[in-house]
Every structure is written in C-alpha cells, then in structure tokens.
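Structure, as structure tokens:
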Amino acid sequence: MTNNEDIFKKVTAHCKEYGFVFQSSEIYDGLAATYDYGPFGSELKNNIKDYWWKSMVNLNDNIVGIDSAIFMHPSVWKASGHVDAFNDPLIDNKDSKKRYRADNLIEDYVQKINTKIEKDCLKAEKKYGNNFNRQEFLTTNKRIVERQQKIDKIEKKITLFLKENDLPSIKNLIEELDIKCPISGTCNWTDVRQFNLMFKTQVGANQDTSSDLFLRPETAQGIFVNYLNVQKTTRLKLPFGIAQIGKAFRNEIIARQFIFRMREFEQMEMQFFIKPGEEMIWYDYWKKSRMLWHKSLGMGEENYRFHDHENLAHYANAATDIEFNFPFGFKEIEGIHSRTNFDLKAHQEKSGKKINFFDAEEQESYVPYVIETSIGLDRLFLAVLCHSYKEEKLDNNETRVVLKIPAFLAPIKVAVLPLTKKDGLPEKAKEILGELKLLYNCKYEEKDSIGKRYRRQDAIGTPFCVTIDHQTLNDNSITLRNRDSMEQKRIQIEDLNLIISKKTSYINVVKAIEE
Ligand code: ATP
C-alpha cells in the first residue's frame, strides 16, 4: 500500500469514527455509493455551502439564487439531450462478471504510466540533488519521452472514439493495450455498450396512468427552465447569473473512492447568462475567478490545476476542470463549461415559449449564451478532509490526529471545557458558553482529563478550546488553546470574541481573494 492509499483509508475510517460520514443504511449492510453525513459532517458541509453561497450570491450584485424542484417535466431531459446522450460506455469482464466504465479502464492505464514517470523523476531528483532540473529531465530523458508519447497517443485515440461514439474501437484499444480485469486478471471482455446514467421513477399512484420521471442528473436544468421567471422578477440585465445548491442523481456504473463518486450527490452550480460572442471573455473570467476561490481555502496552491477538455460534452464549446490533488491523484472537483445557447434554445424549441433577452442598447433580442461553473459539494468536502488530516508526533513521543480544517469551515469553532466537574467551574463554563453559542457553533465537555478532551477536539478540527479553572473564578481569565500550534494563552473572557471571530470569520478569506 502506498503512503497515499494509507492516508485515504485512514481519512475514510476517521470520517466514520468521528461522525463525519456514515455508509447509508449501514445496519442493513449499506447501500453502495450512497452515504449519510453525521453530526460534524453536516456542519462542515453546511459551512462549505454557506461560503460558496456567500461568495457567489451575496457578494456578486448580478448573481441571484434559486432552489428548484428535483422532479421536472420529462420533456426537460429530452430537450437537454440527456435522454439521448447522457451515457457512459460500459464493458463487462466475462470471467469476473464485473462491470467497468471503458474510458476509466483506459484512464487508469494512463495513470499507471504517469506514476512510472513520477517514480523516475523522484529517483533522478535523489541522484542529482540540487542540480536536478525537472523540466529538462521530462523533455530529454529517452524513457520518459517515450512514455509521454505513448500517453499522448492513447489520449488522442480515446478522445476521438468517444467523440465519434465509436464503441468497437474503444474495445479494440482496451485489447491492444492488454488491459486486464483487476479481479479475474483476464482480457475476456464483452463489447462496449452505452449506458444512460439517469434514474427513472414514476409519479402518480396508478401504474397505468403514471408517467416516467427522471431524478435530475444535474441542477443546471432547474436554472435554465426558470431563466424567464428570474429575469422578469429580478429585472436583471445581461450579464447576470443564477446559482443553486441541490441534490443530483447519476446511476454511476461503478462508484469509487468513498464520497468522490456517488449515485446521490450535491452540486453547487451557477449559470452565467451573457451576450452571444462574449463567451470566451466570460469563460476566462470564471476560470480565473473559480481558481482563486479554491485557492482562498488555504489548501496549498500547488494542489490545484486546470485540465482543459478535448472531448466536449454535447452542449459545450469550451470546457475545463479544476482538479485537486487527492490522495489518489489529481481529480476533477469543479467543471467550468461554455454551454453556448444550447440549453435555452432547446427549451425554447421544445416548449414553444420564447426564451429571449431584449438588449436595449443593441435594440435586438437574442437567446443568451451561458457559462457554467459546477462544483461537487461532496468532492470539495472530501478534499477538505484529505488535506486537513494530519498525524503529528509530539514531544512525549505520542501521536495526535488533528484535522487542520480551515478555521472558518470547522464544524465546531470553540470547545468550552471546565477543568474539573466541581467547585463551581461547570457553572462558570456554562455562563461563558451561553454567550459564545449565540455567535459560534460551540461544544461543551466536562468528562475525562483535559488532555483527552483536547485530543477529541483536535480530531474533529475545533480551532479553539477555552478552559475554565479556579483562577477564572477570581480574575475572569481563561486558557485559550490553539488547535494548530497547541499553544495555550491566558486571556480575559472579554477578549475572547475578538480573537475567535478574527480567525473563524470568512471575511478575511474573501478579502484575500479581492486583493
Ligand atoms: P466525472 O468526469 O468525474 O464523472 P463529470 O465531468 O461528469 O464528472 P459534471 O457533469 O461536470 O461532472 O458535474 C459537475 C461536478 O459535479 C463535478 O465537477 C463533480 O465535482 C460533481 N460530480 C459529478 N458526478 C459526481 C458523482 N457521481 N459523485 C459526486 N460528485 C459528482
């Protein structure tokens, strides 16, 4: 097991042990690819949502929010192209009877070559020390150049085959590369077939008269079909955006990596409506803006990168992913797509309702173009946890597990801890708690030694612990312990709010983006 796989396993176990994420229906042995958020998980998730909503809706004068229904008229999905084209190519191994996404098998193969390149780089770096020039090594080392050429060739082929829906060639490529089923170890593959990812359900009690509905596979369509309502009621002029946070459902062929790929998940999407012809300006604007937002979380600039798409979805004329460096490699966390006027036009045609914007300056009407930013809330949650999980060796040789969650996102901001359960300390602690909980999400604990209580707060990522002791009763001073440095400071109760709010407010984070 690599170090990173080990960390990922530990994060997954930690999530369960400390009430962040549970397997859905666990007492019935669970339901694959479905998870529930526990007490601390739901707080963290709410804080992430809140930060996104504030920075997207509250801080932009021309972006408003909506909350549309999950059920939508079936024609929506016909018009949007999802009924015909929201497919993944699947393939089965005849020996193991296991099902895979054909494009993922090829992606994993490419990832293995990338890992080999990385290993060679590390070896060379060790050998040459300070004289090592990574860029030069990557472009001149014969073995690496050959490997990179192989990757480029494979990626070019798969992009083309997916674009042309050439399923036999995808199968040929898998066979040509001698990709084996990880379970059976054989290349005994079925043909590749397309599989629609939408979940179907029915409305109405009577099966015969009921009609098929789909669980929405993206929140975006709820925004498009409300474009006219929102534009008319808010009287916003282009460019303007509509944002929404909500559940989406996809019948993923295989669900992997814990909450990274689920069948029920949550998206935070914003559709930005613009004048046709301005799409590349706004596409670049939102690319930059979203990357800055991610970096504002303080999880290391080096952990983000763009991955521009060659294989574009049926609605897009440009697309990129913001990828985060998860323990299992760089993977998509947010997609930014230039969706043209595909969706609005399709809904206009299918519904027969005019979906136009009248541009008073140009004295003309047109169907707006759209730039979409779409982020997976659960993936961001996972990124925060993976990045925050630390095991630290202490001076006394013990190890502490601490979640160094960005303080403004932490589920609990302050723990209030009386040193002992007697001598009036709990009463004093509850008095302080009474004030603090009006402002912050707090936790009160009086059981176990203070050391054990500090460790428990570290494990759920609480940035501050306030300890009340006998001296507090005399001079109104408390001990404030910092999660990250473990430093303990004696301060007056009246100074608490200023220190905690400075560190846990999202305002400084937002200001850092603006600078
Ligand atoms: P992928 O290539 O990983 O399947 P996608 O490109 O299909 O993702 P989009 O349709 O662009 O994803 O959806 C926008 C965002 O929704 C993604 O960036 C991702 O964060 C999130 N997302 C998509 N599918 C899932 C899923 N099955 N589970 C969790 N989050 C998801």
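Both counts, for ligands and for their atoms, begin at 1 and track the order of listing.
- The distance from ligand 1 to the heavy atoms of Glu334 drops below 4.0 Å at these ligand atoms: 18 (O).
- Taking the ring axis of Phe199 as reference, the NZ or CZ atom of Arg263 does not stay both within 45° of it and closer than 6.0 Å to the ring centre.
- In this structure, of Glu107, Glu323, Arg250, Arg263, the residue bringing a heavy atom nearest to atom 7 (O) of ligand 1 is Arg250.
- Between Phe272 and Tyr285, the ring centre distance reaches or exceeds 6.0 Å.
- Proximity to Glu252 (heavy-atom distance under 4.0 Å) selects the following atoms of ligand 1: 24 (N), 26 (C), 27 (N).
- Heavy atoms of Glu266 come nearer than 4.0 angstrom to ligand 1 in no pair at all.
- The closest approach between a heavy atom of Glu218 and any atom of ligand 1 is not below 4.0 Å.
- Taking only nitrogen or oxygen atoms, main chain and side chain alike, Arg379 reaches within less than 3.5 Å of ligand 1.
- No side-chain heavy atom of Tyr109 sits under 4.5 Å from any side-chain heavy atom of Asp178.
- The nearest heavy-atom contact from the protein to atom 29 (C) of ligand 1 is Phe260 O, 3.2 Å.
- Comparing Arg261, Glu269, Glu332, Gln267 by heavy-atom distance to atom 3 (O) of ligand 1, the nearest is Arg261.
- With contacts defined as side-chain heavy-atom distances shorter than 4.5 Å, the pair His387/Lys404 does not qualify.
- Among the atoms of Asp378, none of the N or O lies under 3.5 angstrom from an N or O of ligand 1.
- Atom CZ of Phe306 sits in a crowded spot, with more than 12 heavy atoms from other residues, nucleotides or ligands closer than 6.0 Å.
- Every atom of ligand 1 with a heavy atom of His337 under 4.0 Å away is listed here by number and element: 11 (O).
- The environment of Lys247 atom NZ is dense: over 12 non-hydrogen atoms of other residues, nucleotides or ligands sit within 6.0 angstrom.
- By the 30° and 60° cut-offs, the orientation of the rings of His82 relative to Trp77 is perpendicular.
- Remark: ligand 1 and Met262 share an N or O pair separated by less than 3.5 Å (distance only, no angle test).
- Regarding atom 22 (N) of ligand 1, its nearest protein heavy-atom neighbour is Phe265 CE1, 3.5 Å.
- Proximity to Ser374 (heavy-atom distance under 4.0 Å) selects the following atoms of ligand 1: 13 (O), 14 (C), 15 (C), 18 (O).
- Listed by number with element, the atoms of ligand 1 under 4.0 Å from a non-hydrogen atom of Gly335 are 18 (O).
- For atom 21 (C) of ligand 1, the nearest protein heavy atom (residue, atom name, distance) is Gly376 CA, 3.6 Å.
- Put simply, the side chain of Phe214 reaches to within 4.5 Å of the side chain of Val83, judged on heavy atoms.
- A ring-centre distance under 6.0 Å is found for Phe326 and Phe328.
- Enclosure of atom NZ in Lys171 by more than 12 non-hydrogen atoms of other residues, nucleotides or ligands within 6.0 angstrom is indicated.
- At a 3.5 angstrom cut-off on N or O pairs, Ile259 does not count as close to ligand 1.
- Using a 30° and 60° split on the angle between ring planes, Tyr227 and Phe273 fall in the tilted class, from 30° to 60°.
- At least one heavy atom of Ile333 sits closer than 4.0 Å to an atom of ligand 1.
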